[in-house]
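Encoded as structure tokens, the structure appears first; notes follow it.
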Amino acid sequence: MKRTRLADILSSKKVGDHFVVMGWVRTRRDSKGGFSFIEINDGSCLKNLQIIADKRLSNYGDEIVKIQTGCSIRASGALFHSPGKGQDVELHAEEIQVLGWADPDTYPLQKKRHSFEFLRSIAHLRPRTNTFGAVARIRSAMSLAIHTFFQERRFFYLHTPIITGNDCEGAGELFKVTTFDLGHVPRDGEDVDFKKDFFGRPANLTVSGQLEAEVYAMALGDVYTFGPTFRAENSNTSRHLAEFWMVEPEMAFCDLEGDIELAESFLKYIFAHLLENCHEDMAFFNRFIDSTVIETLEGVLSKGFERLTYTEAIEILAKAERKFQFPVAWGNDLQSEHERYLCEEVFQRPIILVDYPRQIKPFYMKLNGDQKTVRAMDLLVPRVGEIIGGSQREDDYETLLTRIREAGLNPDDYWWYLELRKFGTAPHAGFGLGFERLIQFVTGLSNIRDVIPFPRTPGNVSF
RNA sequence: UCCCCGGUAGCUCAGCAGGUAGAGCGGGUGGCUGUUAACCACUUGGUCGGCAGUUCGAGUCUGUCCCGGGGAGCCA
């Protein structure tokens with residue numbers, strides 16, 4: 001089954017050479033002049049290859065003229081300059097073999113544009129469209145860039161557990177993991193008897209690898225995780241998934257300043273990588289999805305991010321002429337409308353907000369000297385909102401203990417996390433980046449369900 | 001979970017003030033052309049989201065449930 005990928009043929013354009021190509025038919029147009037044009041795509045790149053099928057081919061009458069959108073074919077022939085507009089080269093087939101038919105009466109994809117809503121209902125076929133093919137390639141390229149960025153900086157890739165026994169990390173509702181027969185759950189009086197469950201205690205899918213990443217940062221120095229996380233929140237928005245991928249670097253001997261520098265150079269690295277290596281797909285998004293995405297990424301590369309404190313942000317919002325639905329007051333968390341106003345109207349580019357009030361942030365963030373704020377940073381981008389949340393971590397044992405109690409959590413559940421502060425504690429910091437939200441930002445796609453192959457949302461686990 | 005909007009042919013939608021359904025695309029057939037979201041002609045195609053109700057009569061009005069979208073909350 002030797003073949004040459006379309007990406008290689010179309011980039012090298014070796015006219016005169018002989019190739020074997022395989023792919024899925026996008027369209028067939030017949031010429032009664034005695035041949036057919038068949039466009040195929042094999043997913044290796046956005047572009048299609050036009051194949052010229054002459055009527056002298058032995059199966060022209062019974063097969064080739066019946067080839068429809070969705071069929072998979074194998075074609076061999078020589079590459080020629082194309083006299084037509086729309087493509088530089090084309091393959092003149094010497095042989096065409098249909099590998100798999102696609103009944104046109106029931107194959108749901110047309111040559112025409114479909115709505116994203118409809119394509120979500122056929123998630124098994126939507127990667128064959130231009131948009132979803134491009135998203136998949138971008139997603140893959142970004143994954144590679146994430147690893148190379150960290151590896152070049154000598155971070156170690158850490159695998160944190162998917163199933164955890166930490167019942168509360170303060171990050172949303174948990175999916176429970178059990179082997180119980182839910183019709184007959186063992187009970188100890190009123191309560192569920194978890195001693196009889198697989199782990200002998202309650203377990204759940206992870207909502208974040210951060211606490212475990214801190215463990216390894218306090219031994220290896222710089223580590224990062226890149227894996228799936230799960231939130232059972234009943235969130236029905238274009239920015240939330242029940243299963244999403246998160247990147248979480250964690251650095252020992254690092255403060256908030258270093259954390260912000262890492263976040264900024266990280267995003268710049270990813271964006272530069274995309275602009276350099278994913279020209280065709282990025283141009284596609286810029287043309288058909290959002291005509292500002294390339295300019296936005298270039299803007300980040302040249303100008304970086306606006307940085308301000310939470311307190312400064314509140315001052316700007318308080319002076320704004322705009323009427324907000326939610327009140328602006330120091331101590332309140334910023335609402336979407338506030339974040340959007342700052343990002344999209346005041347600064348018109350990504351912003352980093354630091355030093356949030358302690359009461360609106362999790363227990364593990366380091367308390368500032370003022371005792372009122374914590375060393376937190378949120379990175380907000382236009383359209384998508386928060387894509388990074390990070391902080392310097394609390395490294396003082398007593399302060400952390402107090403903060404855990406303040407949050408209404410049981411210190412016993414965090415004994416090992418607390419021990420990191422007891423034995424050789426050190427300043428450290430890290431952040432979490434929502435991978436899908438980053439893809440939304442770079443592609444311009446407005447619904448997060450369209451940047452992950454098989455989205456999981458409340459009421460939907462199809463495919 | 002809350003607030004808005006929507007669910008009509010395989011897809012995208014129209015159907016104005018209740019009188020039992022239309023277009024474009026797709027599919028099929030024929031024609032035409034180095035075509036390229038091809039084009040032209042003909043043709044195929046629907047228990048109008050489900051269940052109740054009002055009415056002589058419901059795609060159209062009412063209730064309710066389900067599903068989808070946008071926004072909000074929660075967050076990444």
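Of the candidates B:G27, B:G34, B:A76, B:G27 carries the atom nearest the A:P104 side chain, counting heavy atoms from C-beta on. Among B:C74, B:G34, B:A76, the nucleotide with an atom closest to any side-chain atom of A:F37 is B:G34.
Of the residues A:R358, A:R375, A:K366, the one that meets the salt bridge (Lys or Arg N to Asp or Glu O under 4.0 Å) test with A:E394 is A:K366. With A:F150 as reference, A:F266 is the one residue of A:F266, A:Y269, A:Y157 to meet the ring-ring contact (aromatic ring centres under 6.0 Å, His included) rule.
A side-chain donor-acceptor contact under 3.5 Å links A:S265 to the backbone of A:L262. Distance alone, capped at 3.5 Å, places no donor-acceptor pair between the A:Q87 side chain and the A:L49 backbone.
Phosphate proximity of B:G28 to A:Q68: present, with a side-chain N or O under 4.0 Å from OP1 or OP2. Taking 4.0 angstrom as the limit, A:S115 places a side-chain polar atom (N or O) nearer than this to OP1 or OP2 of B:U12.
As a whole-Å value, the separation of A:F226 CZ from B:A76 C1' is 13 Å. Atom CD1 in A:I67 sits roughly 14 Å away from atom P in B:G27 (whole-Å rounding). In this structure, CD of A:Q110 is placed 12 Å from C1' of B:A9, rounded to the nearest angstrom. Between the C1' atom of B:U1 and the CD atom of A:E173 lies a distance of 12 Å, rounded to the nearest Å. Rounded to whole Å, atom P of B:C25 lies 21 Å from atom OH of A:Y107. Between the CZ atom of A:F35 and the P atom of B:U36 there is a distance of 12 Å, rounded to whole Å. Here the C1' atom of nucleotide B:A76 and the CD atom of A:E243 are 14 Å apart, to the nearest Å. Between the P atom of B:G68 and the CG atom of A:D450 lies a distance of 14 Å, rounded to the nearest Å.
Among the atoms of the strands shown, none is found under 4.0 Å from any heavy atom of A:L433. In this structure, A:Q440 reaches neither bases nor backbone, as no heavy-atom distance under 4.0 Å exists between it and the strands shown. Nucleic acid contact class of A:F118 (heavy atoms, under 4.0 Å, all strands): sugar-phosphate only. Note on A:L438: nothing from the nucleic acid sits closer than 4.0 angstrom, heavy atoms only. Heavy atoms of A:P83 sit under 4.0 angstrom from at least one base atom.
Figure legend. B:C2 is base-paired to B:G71; pairs are counted as Watson-Crick or G-U wobble with both atom distances under 3.5 Å. Across all strands shown, B:G22 is found opposite B:C13 as a Watson-Crick or G-U wobble partner, with both distances under 3.5 Å. The partner of B:G27 is B:U43, judged by Watson-Crick or G-U wobble contacts that both fall below 3.5 Å. When Watson-Crick and G-U wobble pairs are counted only if both distances are under 3.5 Å, B:G59 pairs with no nucleotide at all.
Remark: the separation of the P atoms in B:G46 and B:A9 is 10 Å, to the nearest Å. Rounded to whole Å, the C1' atom of B:A76 lies 44 Å from the corresponding atom of B:G15. Using atom C1' as the reference point in both B:C61 and B:G73, the two lie 34 Å apart (nearest Å). Distance check on atom P: B:U60 versus B:U54 gives 15 Å, rounded to whole Å. Nucleotides B:C48 and B:A58 have their P atoms positioned 12 Å apart, rounded to a whole Å. Rounded to a whole angstrom, the distance from the P atom of B:G59 to that of B:G19 is 10 Å. Straight-line distance between the C1' atoms of B:C5 and B:G49: roughly 16 Å, to the nearest whole Å. When the C1' atom is used for both B:C13 and B:U8, the distance is 9 Å, rounded to whole Å.
We find the CG-CG distance between A:N41 and A:N48 to be 5.0 Å, quoted to the nearest 0.5 Å. Atoms CZ and CG, from A:F363 and A:L409 in turn, are 6.0 Å apart once rounded to the nearest 0.5 Å.
A:I73 is listed as a side-chain neighbour of A:V25, based on a closest heavy-atom distance under 4.5 Å.
Pairing each heavy atom of A:R29 with each of A:Q50, the nearest pair is NH2-OE1, 3.3 Å.
Side chain to side chain, A:Q392 and A:H428 fail the donor-acceptor criterion of an N or O pair below 3.5 Å. No side-chain donor from either of A:H81 and A:E90 sits under 3.5 Å from a side-chain acceptor of the other.
Take the nearest nucleotide of RNA chain B for A:L109 and for A:Q50: the residue whose nucleotide is more 5' is A:L109.
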Would you list the protein and nucleotides 37-41 of chain B atom pairs, both N or O, that sit under 3.5 Å from each other?
from, atom 1, to, atom 2, distance (Å)
B:A38, OP1, A:K111, NZ, 3.3
B:A38, OP2, A:R29, NH1, 3.4

Under 3.5 Å, N/O pairs linking protein and nucleotides 69-72 of chain B:
from, atom 1, to, atom 2, distance (Å)
B:G69, OP1, A:R120, NH1, 2.6
B:G70, OP1, A:N447, ND2, 3.2
B:G70, OP2, A:N447, ND2, 3.1
B:G71, OP2, A:S238, OG, 3.1
B:A72, OP2, A:R239, NH1, 3.4
B:A72, N6, A:N236, O, 3.4

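Taking the side-chain contact (heavy atoms from CB on, under 4.5 Å) definition, one finds that A:T229 meets it with A:T206, A:F244, A:M246, sequence neighbours left out.
For a distance-only test at 3.5 Å, the side chain of A:H114 fails to qualify as a donor-acceptor partner of the base of B:C11.
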Next item on the list: Report the C-alpha distance between A:L380 and A:I387 in whole Å, list the side-chain angles of each, state the deciding distance to 0.1 Å, and finish with yes or no for side chain to side chain contact (heavy atoms under 4.5 Å, CB included).
Entry: CA-CA 6 Å; A:L380 312 173; A:I387 59 170; over 6 Å; no

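Where stacking is scored as ring centres under 5.5 Å apart with planes under 30°, A:F435 does not register as stacked on the base of B:A76.
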